[in-house]
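Every value quoted in this text rests on a predicted model; they were computed, and no experiment measured them. Numbers restart at 1 for each chain; the letters A, B, ... are given by sequence-line order, proteins then strands.
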Protein chains: 2
Amino acid sequence: MNGKKTRNTRQRTLILEILRAGNAHLTAEEVLQKARKKLPTVSLGTVYRNLHYLRHHGYAREVRNGDNGPARFEASGAVHAHFHCRSCNKVRNIRLPQELVEAQWGDSGPIASVSVLDLHLIGDCSDCAHGR
Amino acid sequence: MNGKKTRNTRQRTLILEILRAGNAHLTAEEVLQKARKKLPTVSLGTVYRNLHYLRHHGYAREVRNGDNGPARFEASGAVHAHFHCRSCNKVRNIRLPQELVEAQWGDSGPIASVSVLDLHLIGDCSDCAHGR
DNA sequence: GTAATTGCAAAAGATTTGCCCCATT
DNA sequence: AATGGGGCAAATCTTTTGCAATTAC
């Protein structure tokens with residue numbers, strides 16, 4: 001029992017609030033911009049350190065935007081899947097199929113237990129498919 | 001109809017061969033090391049350019065290793081899902097559930113069509129769960 | 001012969017880290 | 001007061017790119 005104590009600093013609280021407001025997928029840089037509106041002195045290093053912290057403590061998760069570029073983050077609220085449009089490169093949240101949630105994974109060979117499902121679909125979104 | 005002609009250079013062929021041999025998830029750097037055994041002058045830039053090329057032409061896909069670090073790549077052969085052990089950080093290939101493959105996605109709101117399924121499970125692997 | 005592709009090296013981008021000071025507990 | 005966390009800037013790591021030379025077609 002040697003857990004390290006963590007503190008609720010204004011920065012950490014703010015960064016989590018930002019991730020929770022709206023269901024966007026933000027880059028560290030975007031989080032920084034939003035954070036500075038409330039706390040003008042926040043630094044990028046702090047944003048990264050906290051995103052890392054939040055991720056490892058289950059409050060946030062990373063979402064990659066198909067093509068390269070910086071990592072994006074979202075608050076880990078309700079489970080959902082991600083749909084990537086290969087044409088406009090947008091990522092949208094979609095419902096996670098119930099079959100998946102209920103599936104039994106524990107028996108399949110190397111898996112002891114599963115705690116997170118991360119499903120990404122890649123294809124064309126309605127906007128792109130219907131011209132424009 | 002203005003497709004750009006592509007050439008089968010030794011480098012490109014070799015890189016694809018490397019991805020196809022074994023079912024590992026290799027970083028660009030690892031691909032480079034292996035490639036240099038056969039073609040000592042290959043450069044990292046070429047590896048990246050070809051991984052990018054192969055990816056956009058459907059021959060390879062990118063797999064991120066949960067925690068940060070360089071991107072990893074694999075040949076896009078048989079469809080499968082990935083299981084990440086949150087303890088040892090290894091990524092293993094597992095069978096993709098048939099329900100998923102057969103699912104109808106086209107109706108769900110923003111999706112016009114789906115061509116790739118990318119499912120990641122995160123949890124503990126048998127090795128880690130059973131002590132050691 | 002022509003244009004795609006390579007090697008090399010420099011540049012750009014993204015993320016991490018050391019250090020010292022500040023603020024939460 | 002003790003020490004986790006922040007700010008700043010430098011360092012590191014990954015990926016991209018310009019350019020001249022090379023090579024597949």
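With values rounded to the nearest 0.5 angstrom, A/Phe83 atom CZ is found 9.0 Å from A/Ile122 atom CD1. The structure places CD of A/Glu62 at 10.0 Å from CG of A/Asp118, a figure rounded to the nearest 0.5 Å.
Per the geometry, NE2 belonging to A/His56 stands 15 Å off P belonging to D/dG5, to the nearest Å. B/Leu32 places its CG atom 13 Å from the P atom of D/dT15, with the value rounded to the nearest Å. Taking atom NE2 of A/His52 as the reference point, atom P of D/dG6 lies 14 Å away to the nearest angstrom. Remark: P of D/dG6 and CG of A/Leu54 are 10 Å apart, rounded to the nearest angstrom. The distance between atom OH of B/Tyr48 and atom P of D/dG18, rounded to the nearest whole Å, is 18 Å. Straight-line distance from the CG atom of B/Leu51 to the C1' atom of D/dT16: 13 Å, rounded to whole Å. If you take CD of B/Gln33 and P of D/dT14, they are 13 Å apart, rounded to a whole angstrom. Between A/Gln11 atom CD and D/dG4 atom P there is a gap of 17 Å when expressed in whole angstrom units.
Residues that satisfy the ring-ring contact (aromatic ring centres under 6.0 Å, His included) test with A/His25, not counting sequence neighbours, are A/His82. With sequence neighbours excluded, the residues that form a side chain to side chain donor-acceptor pair (under 3.5 Å) with A/Ser115 are B/Arg86.
With hydrogens and angles ignored, the 3.5 Å screen pairs a side-chain donor or acceptor of B/Ser76 with a backbone N or O of B/Gly58.
You'll find that the side chain of A/Thr41 is closest to D/dG7, out of D/dG5, D/dT15, D/dG7.
The salt bridge (Lys or Arg N to Asp or Glu O under 4.0 Å) contacts involving residues 15-34 of chain B comprise B/Glu30-B/Arg72, where partners must be two or more places apart or lie in separate chains.
Two end axes, each from the C1' atoms of five base pairs, can be drawn for the helix from C/dG1-D/dC25 to C/dT25-D/dA1; they diverge by 50°, to 10 degrees.
Residue whose closest nucleotide on DNA chain D sits further toward the 5' end, between A/Arg12 and B/Thr9: A/Arg12. A residue-by-residue look at B/Tyr53 and A/Phe73 shows that B/Tyr53 has its nearest nucleotide of DNA chain C further toward the 5' end. For the pair A/Gly45 and A/Asn8, nearest-nucleotide mapping onto DNA chain D gives the more 5' position to A/Asn8.
For D/dT23, the base has no donor-acceptor partner in the side chain of B/Arg10 [N/O atoms by modelled type, under 3.5 angstrom].
Bracketed by its first and final contacts, the part of DNA chain C lying under 4.0 Å from non-hydrogen atoms of chain A reaches from C/dA14 to C/dT25 in 5' to 3' order.
Under a 4.5 Å side-chain heavy-atom cut-off, the cluster of Ile, Leu, Val, Met, Phe, Trp and Tyr residues that includes A/Leu39 is completed by A/Leu14, A/Ile15, A/Leu16, A/Ile18, A/Leu19, A/Leu26, A/Val31, A/Leu32, A/Val42, A/Leu44, A/Val47, A/Tyr48, A/Leu51, A/Tyr53, A/Leu54, A/Tyr59, A/Phe73.
Linking Ile, Leu, Val, Met, Phe, Trp and Tyr residues whenever their side-chain heavy atoms come within less than 4.5 Å places A/Leu96 and B/Ile94 in a single cluster.
Residue B/Arg36 places its CZ atom among more than 12 non-hydrogen atoms of other residues, nucleotides or ligands, all under 6.0 Å distant.
Counting any heavy atom pair closer than 4.0 Å across all strands shown, A/Arg49 reaches a base atom. Across all strands shown, B/Thr6 has heavy atoms under 4.0 Å from sugar-phosphate atoms exclusively, and none from any base.
The aromatic rings of A/His120 and A/His84 sit tilted relative to each other, their planes meeting at an angle between 30° and 60°.
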